[in-house]
Amino acid sequence: MLQELKDLDPFRADVRAWLGANLPGDWQEKMRGASEEEHVAFQKFWFRRMMEGGYGAPHWPKAWGGGGFSFAQQIVLYEEIARAGAPRLILYFIALHHVPATLLEWGTEEQRRRHLPAVLAGDEIWCQGFSEPNAGSDLASLRTRAERRGDRYVVNGQKTWSSNAHHARYCLLLTRTDPKSSKTRGITYFILDLKTRGVTLRPIKQITGASHFNEIFLDDVEIPAENIVGQENNGWAVAQSTLSSERGLTILELAERMRVGFQLLLRDAQSPAPAGGRLIDDDEIRRRLVDVHVRIQALRFLVNEMLTQVLRGGKAGVEPSIIKIYYSELLRDFTALGVVIGGPGGQHLQDVLMGGGNETGYWMQDYLYSWAWTISGGSTEIQKNIVAERGLKLPREPQPAGAG
């Protein structure tokens with residue numbers, strides 16, 4: 001991949017120059033300890049600024065207002081964004097990645113024209129209504145029911161772990177429309193307007209004290225039939241497009257942010273310790289720092305190998321699952337080391353960097369949140385099953401009779 005990216009050195013220089021001129025130098029100072037309202041306002045500001053520069057939707061087709069960047073250009077862009085320490089567009093993640101991947105492949109022309117321009121204008125924030133209390137990693141077990149009544153569907157059920165639903169207007173919703181079918185059949189995919197009567201949102205208080213996730217309760221919610229994405233009972237196929245939309249670029253950005261964040265660990269380890277001296281002079285601390293550093297380099301190698309395969313026309317296979325497991329475990333150990341180096345003082349309540357990466361230097365906050373990565377986007381256990389069954393061709397775990 002090195003040659004493909006080296007040919008883009010002029011493009012990289014342009015991106016780096018643009019970030020240098022447009023990234024507010026004090027954004028971290030303003031967003032450390034910012035309120036929810038301040039965070040939302042800044043996310044909208046930064047999204048508009050990125051769009052003005054032509055970098056807000058690099059993977060979108062030009063015909064729909066995106067950058068139309070090549071895959072190699074997108075790699076360069078995400079590397080530079082991470083290296084510059086720019087804020088993550090967390091609020092727009094679903095809208096920028098999952099919505100276009102879904103609607104461009106499965107949506108109607110009316111759905112595309114109604115929603116895609118509004119997303120790029122920054123007017124629509126979206127969330128995802130897939131997981132349920134008893135259907136998280138086993139998504140095909142969802143029970144939220146949609147019954148057709150004339151030109152509408154009446155939906156009843158509950159969704160959970162819906163990121164930023166309290167800020168969103170629309171939801172990508174999976175429901176069961178044929179309960180007699182096997183698990184992966186009889187599922188229908190909808191666009192849900194969260195302002196519809198019968199929709200109730202309840203934030204979930206996390207161990208960190210934040211309420212990033214939400215529960216969504218659906219009580220006799222009416223959704224027009226025109227809001228179906230794809231066809232009735234074919235929602236499982238549509239959902240695969242949604243879930244495969246990131247193509248590894250997100251993990252590339254996260255790996256680069258971790259590489260940059262390692263400097264925060266070194267900074268704290270080299271600072272005077274409460275008991276005197278420096279922690280970096282301790283053999284055990286130094287060994288753990290080396291271990292984390294080497295694993296970060298290995299992560300970057302794994303990501304580069306996967307992206308090179310995609311860049312040259314191949315498919316990723318089970319590599320995303322392997323990298324997901326590797327990153328989740330590394331992030332946990334990385335942030336745990338930060339807690340150790342921070343000592344008792346590092347465990348006190350500190351201001352959180354809103355919109356930062358997963359290594360903000362507030363080590364207790366980072367460590368507590370790192371455990372979410374072993375669950376979100378497919379739990380570690382599910383990812384190991386994927387590697388075992390699809391990669392190593394091991395026999396599948398026996399399923400109950402009638403399971404999909």
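All values below were derived from every heavy atom in this structure, side-chain atoms included, with hydrogens, water molecules and symmetry-related copies excluded.
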Donor-acceptor pair, distance only, cut-off 3.5 Å: does the side chain of [X] make one with the backbone of [Y]?
X      : Y      : answer
Glu389 : Ile386 : no
Arg148 : Gly150 : yes
Gln206 : His212 : yes
Asp26  : Glu29  : no
Glu132 : Lys159 : no
Thr196 : Leu192 : no
Arg257 : Arg83  : no
Arg112 : Leu103 : yes
Arg259 : His293 : no
Asn22  : Trp18  : yes

[atom1]-[atom2] distance between [X] and [Y], expressed to the nearest 0.5 angstrom:
X      : Y      : atom1 : atom2 : answer
Arg185 : Asn233 : CZ    : CG    : 11.0 Å
Glu359 : Leu353 : CD    : CG    : 11.0 Å
Leu266 : Phe262 : CG    : CZ    : 4.5 Å
Phe190 : Thr175 : CZ    : OG1   : 4.5 Å
Leu331 : Ser370 : CG    : OG    : 5.0 Å
Thr380 : Ile325 : OG1   : CD1   : 6.0 Å

With a sphere of 6.0 Å drawn around [atom1] of [X], does it hold more than 12 non-hydrogen atoms of other residues, nucleotides or ligands?
X      : atom1 : answer
Arg278 : CZ    : yes
Trp27  : CH2   : yes
Gln240 : CD    : yes
Ile207 : CD1   : no

Assess whether side-chain hydrogen bond (donor to acceptor under 3.5 Å, both in side chains) is satisfied between Thr160 and Glu215, documenting all intermediate values.
CA-CA 4 Å; Thr160 192; Glu215 293 177 289; 4.5 Å; no

Evaluate Tyr170 against His115 for ring-ring contact (aromatic ring centres under 6.0 Å, His included), listing each step before the verdict.
CA-CA 10 Å; Tyr170 293 99; His115 295 293; 4.7 Å; yes

Where do [X] and [Y] come nearest, in terms of heavy atoms and distance?
X      : Y      : result
Ile216 : Cys171 : CD1-SG, 4.3 Å
Arg176 : Leu142 : NE-O, 2.9 Å
Glu232 : Ile228 : N-CG2, 4.2 Å
Phe213 : Ser163 : CE2-OG, 3.3 Å
Asp7   : Pro10  : O-CD, 3.9 Å
Val199 : Leu218 : CG2-CD2, 4.0 Å

Within a strict 4.5 Å, meaning less than it, do heavy atoms of the [X] and [Y] side chains meet?
X      : Y      : result
Met258 : Asn358 : no
Leu311 : Ser70  : no
Ser35  : Glu38  : yes
Glu79  : Glu253 : no
Phe45  : Pro24  : yes
Pro58  : Gln73  : no
Phe130 : Thr242 : yes
Thr250 : Leu252 : no

Let's go through Glu109 and Arg113 carefully: what are the C-alpha distance in whole Å and the side-chain angles of both, what is the deciding distance for salt bridge (Lys or Arg N to Asp or Glu O under 4.0 Å) to 0.1 Å, and is it a yes or a no?
CA-CA 6 Å; Glu109 190 67 13; Arg113 292 191 179 281; 3.1 Å; yes

Ion pair present between [X] and [Y], side-chain N to carboxylate O less than 4.0 angstrom?
X      : Y      : result
Glu381 : Lys384 : no
Arg169 : Glu124 : no
Glu222 : Arg197 : no
Asp291 : Arg295 : yes

[X]-[Y] side chain donor-acceptor pair, cut-off 3.5 Å:
X      : Y      : result
His167 : Glu36  : yes
Asn214 : Ser162 : no
Arg114 : Gln111 : no

Name the residue from Tyr92, Trp106, Phe93, Trp126 that meets the ring pair (Phe, Tyr, Trp, His ring centres under 6.0 Å) definition with His98.
Phe93

Report the C-alpha distance between Leu337 and Trp363 in whole Å, list the side-chain angles of each, state the deciding distance to 0.1 Å, and finish with yes or no for side chain to side chain contact (heavy atoms under 4.5 Å, CB included).
CA-CA 8 Å; Leu337 179 55; Trp363 298 120; over 6 Å; no

Determine, stepwise, if the pair Lys183 / Ser141 fulfils side chain to side chain contact (heavy atoms under 4.5 Å, CB included).
CA-CA 6 Å; Lys183 287 171 63 176; Ser141 296; 3.3 Å; yes

Could you please spell out the steps behind the ring-ring contact (aromatic ring centres under 6.0 Å, His included) verdict for Tyr367 and Phe334?
CA-CA 8 Å; Tyr367 174 67; Phe334 182 111; over 10 Å; no

Side chain to side chain contact (heavy atoms under 4.5 Å, CB included) evaluation trace for Asn164 with Ile90
CA-CA 9 Å; Asn164 292 312; Ile90 299 170; 3.8 Å; yes

Here's one to test your reading of the geometry: is the NZ or CZ of Arg332 within 45 degrees of the ring axis of Trp371 and under 6.0 Å from its centre?
yes

Parallel, tilted or perpendicular: which describes the rings of His97 and Tyr78, with under 30° parallel and over 60° perpendicular?
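Tilted.
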
Please lay out, stage by stage, how Thr188 and Leu174 fare under the test side chain to side chain contact (heavy atoms under 4.5 Å, CB included).
CA-CA 6 Å; Thr188 300; Leu174 284 184; over 6 Å; no

